[in-house]
Participant: 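Pasting in a structure now, in C-alpha cells, and then I'll have a few things to ask.
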Amino acid sequence: EVQLVESGGGLVQAGGSLRLSCAASGFTYDDYTMAWFRQAPGKEREGISSITLSDRITYYAASVKGRFTISYDNAKNTLYLQMNNLKVEDTALYYCAVASRRWMRVLLSAPNRVDSRGRGTQVTVSS
C-alpha cells in the first residue's frame, strides 16, 4: 500500500523560506515520478513541481520556477520541496503525489494521472 505523509508546513512571512517533506513508502521507486501540488481555497489545484525517481528529471510550474527546488533522498525515501522567497500567493495546502514515470511530462497539468497522494500540509505566507 502506497503511503505518503507530508510535513514542514507552517506560517512564514513573505520573503521567507520553508522546506516541505513527504515520507514515501509502498511502491517501486524507479518506475515512478513524484510531484507537489497545491490548492488554495477558491482556486484551481496547481501542479508545481515533479521529479522522476530513476534519473531525477525535474519540472516546475512557471509560478515557482527559480524559487522552489524539488529533490528526493533515496536513503530516506523522502521527497522534499525547498521553497524560498515565499509570496502571499503561495499560501495553500500542499500535498505530494506519486504517478507512473510515463506521465512525467504532463503530470503537473494532469493531476488525474496521480496514483496516490498524501493529505497535505498547510503553508501560510503573511505580508
Side-chain angles (χ1 to χ4, degrees):
E1 179 186 359
V2 176
Q3 289 194 331
L4 302 171
V5 180
E6 303 92 340
S7 61
L11 174 64
V12 63
Q13 285 192 325
S17 298
L18 282 175
R19 188 176 78 157
L20 305 184
S21 300
C22 170
S25 63
F27 57 93
T28 305
Y29 305 108
D30 283 354
D31 297 333
Y32 285 85
T33 186
M34 294 191 73
W36 288 98
F37 292 83
R38 68 185 181 186
Q39 187 155 25
K43 293 187 178 180
E44 296 267 338
R45 177 172 41 191
E46 181 184 14
I48 56 176
S49 186
S50 67
I51 184 169
T52 57
L53 301 190
S54 58
D55 49 9
R56 303 294 196 266
I57 297 171
T58 58
Y59 296 89
Y60 292 94
S63 59
V64 305
K65 198 167 187 178
R67 300 188 297 124
F68 291 10
T69 303
I70 193 170
S71 62
Y72 188 81
D73 186 329
N74 276 34
K76 297 182 179 180
N77 296 335
T78 301
L79 177 74
Y80 298 101
L81 185 69
Q82 178 66 42
M83 307 187 294
N84 297 329
N85 191 21
L86 282 160
K87 303 177 181 180
V88 172
E89 51 264 42
D90 293 320
T91 295
L93 179 71
Y94 286 70
Y95 66 89
C96 63
V98 62
S100 170
R101 188 181 184 283
R102 63 179 171 167
W103 304 121
M104 67 177 184
R105 295 183 186 277
V106 301
L107 184 59
L108 296 186
S109 58
N112 56 309
R113 298 301 182 185
V114 165
D115 291 328
S116 296
R117 55 162 286 184
R119 290 189 171 187
T121 184
Q122 178 67 35
V123 172
T124 303
V125 185
S126 63
S127 58

Participant: Following the transitive rule for hydrophobic clusters with a side-chain heavy-atom cut-off under 4.5 Å over Ile, Leu, Val, Met, Phe, Trp and Tyr, establish whether Val114 and Leu93 coincide in one cluster.
Facilitator: no
Participant: Drop me the distance from Ser63's OG to Lys87's NZ, to the nearest 0.5 angstrom.
Facilitator: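 That separation rounds to 8.5 Å.
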Participant: Tell me, with the steps shown, if Val64 and Trp36 meet side chain to side chain contact (heavy atoms under 4.5 Å, CB included).
Facilitator: CA-CA 11 Å; Val64 305; Trp36 288 98; over 6 Å; no
Participant: So, the side chain of Ser50 versus the backbone of Met34: is there a donor-acceptor pair under 3.5 Å, distance only?
Facilitator: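 Checked: no pair found.
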Participant: For the atom pair CZ (Arg101) and CG (Leu53), what is the distance rounded to the nearest 0.5 Å?
Facilitator: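 Going from CZ on Arg101 over to CG on Leu53, the span is 9.5 Å.
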Participant: For Arg102, does its backbone N or O pair with a side-chain atom of Ser100 as donor and acceptor, under 3.5 Å?
Facilitator: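 Yes, Ser100 side chain to Arg102 backbone: donor-acceptor pair under 3.5 Å.
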Participant: Can a donor-acceptor pair be found, under 3.5 Å and without considering hydrogens, that links the side chain of Tyr60 to the backbone of Ile70?
Facilitator: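 The answer is yes, because a donor-acceptor pair under 3.5 Å joins these two groups.
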Participant: For the atom pair OH (Tyr72) and OH (Tyr32), what is the distance rounded to the nearest 0.5 Å?
Facilitator: 12.0 Å
Participant: Taking Arg117 for its side chain and Leu4 for its backbone only, find out whether a donor-acceptor pair lies under 3.5 Å.
Facilitator: no
Participant: I need the minimum non-hydrogen distance between Ala99 and Asp115, along with the two atoms involved.
Facilitator: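 Between these two residues, the closest heavy atoms are CA-OD2, 3.7 Å.
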Participant: If you look at every heavy atom in Ala40 and Ala92, which pair is closest and at what distance?
Facilitator: N-CB, 3.9 Å
Participant: Using side chain to side chain contact (heavy atoms under 4.5 Å, CB included), reason through Arg67 and Asp90 one step at a time and then give a plain yes or no.
Facilitator: CA-CA 11 Å; Arg67 300 188 297 124; Asp90 293 320; 2.7 Å; yes
Participant: Can you list the other members of the hydrophobic cluster that holds Met104, where links are side-chain heavy atoms under 4.5 angstrom apart?
Facilitator: Ile57, Tyr59, Leu108
Participant: May I ask you to check whether over 12 heavy atoms, not counting those of Arg56, lie within 6.0 Å of atom CZ?
Facilitator: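 Enclosed: over 12 neighbouring heavy atoms sit under 6.0 Å from CZ of Arg56.
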Participant: What I'd like to find out is whether the side chain of Gln39 reaches to under 4.5 Å of the side chain of Pro111, using heavy atoms alone.
Facilitator: no
Participant: Between Val88 and Ser126, which heavy-atom pair has the shortest distance, and what is it?
Facilitator: CG2-C, 4.1 Å
Participant: Which atoms form the tightest heavy-atom contact between Gly9 and Val123, and what is the distance?
Facilitator: CA-CG2, 4.1 Å
Participant: Are Phe68 and Leu79 co-members of a hydrophobic cluster defined by side-chain heavy atoms under 4.5 Å apart?
Facilitator: yes
Participant: Measure the OG1-CG distance between Thr33 and Asp31 for me, rounded to the nearest 0.5 Å.
Facilitator: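 Rounded to the nearest 0.5 Å, the OG1-CG separation comes out at 11.5 Å.
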Participant: Indicate if Leu107 and Ile48 have the same hydrophobic cluster label, given that clusters are the connected sets of ILVMFWY residues with side-chain heavy-atom separations under 4.5 angstrom.
Facilitator: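 Per the 4.5 Å side-chain linkage, Leu107 and Ile48 are not co-clustered.
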Participant: Are any of the side-chain heavy atoms of Asn77 and Ser25 separated by less than 4.5 Å?
Facilitator: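 Not touching, per the 4.5 Å side-chain cut-off.
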Participant: Quick one: side-chain hydrogen bond (donor to acceptor under 3.5 Å, both in side chains) pairs with a partner in residues 4-21, sequence neighbours left out?
Facilitator: Ser17-Asn84
Participant: Quick one: closest heavy-atom pair of Gly8 and Leu18, and the distance?
Facilitator: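 Smallest interatomic distance, heavy atoms only, reads O-CD2, 3.9 Å.
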Participant: Examine distances only and state if a side-chain atom of Thr91 and a backbone atom of Val125 form a donor-acceptor pair shorter than 3.5 Å.
Facilitator: yes
Participant: Just to verify, what does Tyr95 make a ring-ring contact (aromatic ring centres under 6.0 Å, His included) with, not counting sequence neighbours?
Facilitator: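 Checked Tyr95 against ring-ring contact (aromatic ring centres under 6.0 Å, His included); matches are Phe37.
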Participant: Is the shortest side-chain heavy-atom distance between Thr121 and Leu20 below 4.5 Å?
Facilitator: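 Counting from C-beta outward, Thr121 and Leu20 do come under 4.5 Å.
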